[in-house]
Amino acid sequence: MASFIAKQLVGKQMESVKGKMTGGDETSAEDAERLAEQRAAIAEALAEEKRKREEKHRRMEAEREEMRQGIREKHFGDGDEHFFGGAAGRLGRKRKTAEELAAERDPAEDNLASFLPEGVVRDTVRSVAGVPQRVLADAQDKCAIQ
């Protein structure tokens, strides 16, 4: 590392000595013009690269936004109203009030079966719950006949 720094320092001093010995520090008009043209060409090339890069990023962002919009439409239906809290202001379904729940409940199912899931389990509980009543009715019928 130290040798690199030393070389840099000595190299700059050597260039300054060479320039003074050859009568340097003065550039000809042709060299100055050529140098100006090169700098202008470099600046133009850099500006063109920057313009192309910005255009590329603009295009990529447009594609990303198109993708995002497709996802919004796929998951949220008609548009942004559900995504940004449209008419209802909520994402999920509307909750039912206590009155609506009471109206939907079947009065005959106010027993244990109403808490069980729909299907075979609930049907089995209903049929088992009716067994004692049928046995009692059968016993009363037999007693009444005799």
Side-chain angles (χ1 to χ4, degrees), residues 1-16 19 24-146:
M1 180 77 174
S3 63
F4 174 75
I5 294 172
K7 189 183 266 186
Q8 292 293 321
L9 292 174
V10 173
K12 288 182 182 177
Q13 290 174 354
M14 293 292 283
E15 287 178 17
S16 66
D25 285 351
E26 300 168 2
T27 57
S28 67
E30 292 176 7
D31 291 340
E33 186 178 325
R34 188 170 31 100
L35 186 61
E37 287 176 6
Q38 286 177 348
R39 287 184 181 161
I42 290 172
E44 185 179 331
L46 290 174
E48 180 67 19
E49 283 182 31
K50 182 179 179 182
R51 188 190 63 74
K52 285 181 180 179
R53 186 173 53 249
E54 287 174 352
E55 179 61 30
K56 176 184 170 186
H57 287 292
R58 216 174 297 131
R59 244 188 353 260
M60 287 171 42
E61 187 58 34
E63 290 173 3
R64 285 188 198 113
E65 185 56 36
E66 199 174 300
M67 239 194 224
R68 289 183 200 117
Q69 187 62 33
I71 291 170
R72 283 187 203 115
E73 289 173 1
K74 177 182 175 186
H75 292 287
F76 299 111
D78 297 335
D80 291 338
E81 67 184 29
H82 298 291
F83 185 70
F84 295 111
R90 59 180 353 140
L91 295 176
R93 62 181 176 84
K94 180 185 170 207
R95 290 188 176 182
K96 295 181 180 180
T97 62
E99 293 83 25
E100 292 171 335
L101 290 172
E104 287 181 1
R105 189 175 23 193
D106 187 10
E109 291 186 4
D110 282 338
N111 57 13
L112 176 67
S114 64
F115 297 106
L116 296 174
E118 290 286 332
V120 177
V121 175
R122 189 179 277 191
D123 294 339
T124 305
V125 169
R126 284 185 193 148
S127 64
V128 170
V131 169
Q133 294 168 350
R134 278 185 265 147
V135 170
L136 183 62
D138 289 341
Q140 286 175 348
D141 287 341
K142 288 180 183 178
C143 291
I145 295 176
Q146 293 178 357

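We number each residue from 1, following the sequence as shown.
Not counting sequence neighbours, the partners of Glu99 by the side-chain hydrogen bond (donor to acceptor under 3.5 Å, both in side chains) test are Thr97. Every residue two or more places apart in sequence or in another chain that forms a side-chain contact (heavy atoms from CB on, under 4.5 Å) with Gln38 is listed here: Arg34, Leu35. Remark: Glu65 pairs with Arg68, Arg72 by the side-chain hydrogen bond (donor to acceptor under 3.5 Å, both in side chains) rule, at least two apart or across chains.
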Hey, can you pull the donor-acceptor pairs under 3.5 Å for the side chains in residues 43-55, sequence neighbours left out?
| from | atom 1 | to | atom 2 | distance (Å) |
| --- | --- | --- | --- | --- |
| Glu48 | OE2 | Arg51 | NH2 | 2.7 |
| Glu55 | OE1 | Arg58 | NH1 | 2.7 |

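One distance of note links CE of Met67 with CD of Glu63; it measures 7.5 Å at 0.5 Å rounding.
Looking at Lys74, Glu73, His75 one by one, the single match for side-chain contact (heavy atoms from CB on, under 4.5 Å) with Ile71 turns out to be His75.
Shown here is Met60, whose CE atom has more than 12 heavy atoms of other residues, nucleotides or ligands within 6.0 Å. A 6.0 Å sphere centred on CD of Glu30 holds no more than 12 heavy atoms belonging to other residues, nucleotides or ligands.
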